[in-house]
Amino acid sequence: MTDGDAASCELDLGNLMAYDPSHHLAATPSSREELREECLRKATELAQAVADALFALPPNEDRDGPIVRLPPPTTRLPREKHLPKPNPPTKWEQFAKMKGITKRKKNKREWDEQTQSWKRTYGYDRVNDDKDIPIIEAKATDEPGVDPFAQRRDDKKKRVEKQEKNRLENLKRAAKVGALPSHIQLAATALPITGTKADLPKKSRKEDLEDVAGMASSATASGGKFDEKLPGEKPPKHPGKHRKFLPVVEGKGMGNLEKQQNDKILNSLLAKSSEEQIDVGKAITMYKVKKEKQRRKDKDMSSKSNKLKPQKKPHKKSSKKND
Amino acid sequence: MVAAIRVPKSRRAKRELLKHAPKLVETGKKTLILHGTKTSAVLNSVLSDIYHLKRDNAVKYTKKNDKIRPFESGGESSLEFFSLKTDCSLIVYGSHSKKRLNNLVLGRTYDHHIYDLVEVGIENYKSMESFVYDKKLAPKLGSKPFFAFIGEHFESAEELKHLKEVLLDLFRGEVVENLNLAGVDRIYVCTAISPTTVYMMHCAVRLKRSGTSIPRMELVEVGPSMDLVVRRHRLPVESLKKEAMKTAEHSKKMKNVTKDPVHGKLGKVYMPDQEVGKMTLSNDVKGLKRERREAKKNKEHSKKQKVNPSSES
């Protein structure tokens with residue numbers, strides 16, 4: 001809605017908004033106070049324009065004051081949630097539509113023939129309750145030894161289970177379309193009622209499950225060696241020994257393994273205490289890495305502009321410790 | 001199988017969950033106000049002022065949240081989680097650092113995913129308490145505000161256009177059809193003083209008696225006033241924007257249906273002109289037989305007539 005008067009502002013009555021796109025602020029107002037004054041003045045004009053349009057609408061007099069009907073807002077703002085999808089018809093609804101079955105209203109009370117009284121259709125004191133049947137007459141088709149009361153109870157249980165299964169099937173179908181009723185949430189994505197994001201159940205990966213299964217299968221007294229394998233169970237991923245022991249008797253061909261092992265231990269112990277021992281291998285690697293970095297930097301320096309860069313502190317060559 | 005679906009165990013929980021359901025025509029959006037690891041005194045004051053302005057439909061978190069980085073791809077997940085938990089679609093996130101002083105991020109969500117963001121810096125802030133005015137004029141909580149946007153920069157600068165939309169969304173409250181004219185008491189005034197800054201004020205509106213039936217407006221500054229300097233902004237993805245702007249379908253008007261109190265529902269059936277003369281004969285054998293029979297009979301009759309006069313003569 002554009003207002004064609006001197007103010008030349010755009011009005012959005014549904015949002016009670018007035019917008020003046022043609023106003024140029026006088027070149028840098030000298031003080032904050034002046035800016036404020038001008039803004040207030042201009043805003044009063046705009047507010048007056050909105051009020052003019054508002055009071056021009058036909059009012060309904062109410063005891064609190066005049067009530068006007070606002071037009072819908074013209075500025076379009078985005079929704080906060082998606083449009084609700086209609087539920088897909090359940091299996092029973094589809095069947096009823098096909099057959100032309102219409103819903104009929106049931107009364108709250110019905111006449112119960114068994115007890116000759118008015119009872120509720122469902123709930124506490126209901127019609128056709130199993131409790132009220134004192135005697136069930138035997139039929140010719142009945143087998144001896146079958147309890148008809150227990151039979152009735154089992155039948156009812158089966159009916160309830162079947163209904164529950166159908167209800168879940170309907171929900172699954174609705175969830176597939178994306179129209180799950182909003183008070184029902186899928187457990188996999190549902191938020192816990194109290195708690196933080198860390199409490200959300202995390203889906204385990206296949207590899208994690210296989211690892212855990214492998215560990216569990218070998219966590220027996222004999223290392224899982226004598227257990228029967230289930231069909232489809234794969235052998236554990238890291239079988240065998242995790243420690244290396246020296247052979248008890250050394251053959252002729254082998255070197256002095258025990259001596260080597262002891263030397264290694266002693267060297268590392270002594271190296272920790274002394275200050276002069278260096279790990280030659282590690283020192284060589286460090287030197288190589290440093291050289292590589294220097295070479296790369298020189299290449300970069302030559303390609304980039306020759307700006308002076310602060311020199312990096314040269315590394316101190318520390319004594320090597322075998323940690 | 002049963003564990004795959006969570007159902008609320010009590011009616012109250014069910015009612016609460018149904019309140020969060022998507023509606024065909026939406027009511028007001030809720031706001032979530034929170035801050036990051038470091039805030040300044042100015043920023044604290046700004047956040048609490050915004051909370052007071054929107055008391056009924058805003059949630060303010062008091063703890064600091066360190067994993068939120070709105071403009072980075074991974075840092076929004078906390079915001080989305082909070083939006084889901086509190087069912088808020090407007091987010092006001094304040095943080096303060098040496099690089100970005102007094103930073104305020106105004107964000108909107110769609111389906112609890114970040115829709116768009118605007119980052120502003122607060123300057124020249126004056127809090128609500130610092131204004132002195134007649135307390136009788138104070139705007140009541142929950143009243144529908146007026147808006148005044150002044151300045152050509154709102155049209156020319158992309159960021160200010162976006163900021164205008166976000167400010168409108170933030171402060172407008174519910175969309176109502178019926179408005180009580182006696183209850184208008186506040187106005188938000190936003191002036192674009194440069195292509196990146198908006199000077200925002202909040203004033204109370206006083207309706208004064210004037211000669212005509214339309215009262216004269218008088219503005220008294222009551223609320224916080226601040227300069228919003230737009231730093232960064234992220235517009236919504238085009239496809240998401242299209243989906244979010246969809247409105248509820250209006251029921252189509254049925255044509256050719258009239259309701260008559262006597263006859264009930266009436267409609268007209270229009271038949272095309274049949275042009276019987278131009279139609280070919282059908283293969284209706286019985287009819288053809290009858291025609292032939294009759295034609296033969298007539299011919300016989302005429303022949304007999306012919307013969308008889310000749311015989312007579």
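Only a predicted model underlies this, so the values are computations on that prediction, with no experimental measurement involved. In the text below, chain A, chain B and the rest are named by the order of the sequence lines, each starting its count at 1.
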- Task: With sequence neighbours excluded, tell me which residues meet side-chain contact (heavy atoms from CB on, under 4.5 Å) with B:L32.
- Result: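 B:L32 satisfies side-chain contact (heavy atoms from CB on, under 4.5 Å) with B:L34, B:V59, B:Y61, B:F82, B:T86, B:C88 once adjacent residues are dropped.
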Checking heavy atoms, do the side chain of [X], its backbone, both or neither come under 4.5 Å from chain A?
X: B:R15; result: neither
X: B:E16; result: neither
X: B:T27; result: backbone
X: B:P145; result: backbone
X: B:D116; result: neither
X: B:M245; result: both
X: B:K241; result: neither
X: B:I187; result: side chain

A side-chain contact here means heavy atoms from C-beta on lying under 4.5 Å apart; do [X] and [Y] qualify?
X: B:F149; Y: A:P21; answer: no
X: A:L16; Y: B:K144; answer: yes
X: A:R32; Y: B:D227; answer: yes
X: B:N178; Y: A:V68; answer: no

Shortest non-hydrogen contact from [X] to [Y]?
X: B:Y110; Y: A:R79; result: CD1-O, 3.4 Å
X: B:E165; Y: A:P78; result: OE2-CD, 3.7 Å
X: B:F146; Y: A:A47; result: CE2-O, 4.2 Å
X: B:K246; Y: A:R76; result: N-NH2, 4.5 Å
X: A:A43; Y: B:L219; result: CB-CD1, 3.7 Å
X: A:Q48; Y: B:M217; result: OE1-N, 2.8 Å

- Query: Under 3.5 Å, is there a donor-acceptor pair between the side chain of A:K81 and the main chain of B:H20?
  - Reply: yes
- Message: So which residue, A:K85, A:R69, A:H183, ends up with the most heavy-atom pairs under 4.5 Å with chain B?
- Response: A:H183
- Mind ranking A:L171, A:L70, A:L54 by heavy-atom pairs under 4.5 Å with chain B and telling me who comes out on top?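 Result: the option with the highest number of such pairs is A:L70.
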- Item | Part of A:P73 lying under 4.5 Å from any heavy atom of chain B | side chain
- Query: In terms of heavy-atom proximity below 4.5 Å to chain B, should A:T75 be classed as side chain, backbone, both, or neither?
  - Reply: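 For A:T75, the contact with chain B is made by the side chain alone.
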- Item | Pairs of heavy atoms under 4.5 Å with chain A: top-ranked of B:I214, B:L240, B:L179 | B:L179
- Message: Measuring from atom CD of B:E155 to atom CG of A:D20, what distance do you get when rounded to the nearest 0.5 angstrom?
- Response: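 Here the interatomic distance stands at 11.0 Å.
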- Going from OH on A:Y19 to CD1 on B:I150, what distance comes out if it is rounded to the nearest 0.5 angstrom?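 The CD1 atom of B:I150 is 11.0 Å from OH of A:Y19, to the nearest 0.5 Å.
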- Using the six-membered ring of B:Y199, assess whether NZ or CZ of A:R36 lies under 6.0 Å from its centre and within 45 degrees of the ring axis. no
- Determine whether the side chains of A:E80 and B:Y115 contain a donor N or O and an acceptor N or O closer than 3.5 Å. no
- Message: Under a 3.5 Å cutoff, is there a donor and acceptor pairing between the side chains of A:N15 and B:R172?
- Response: yes
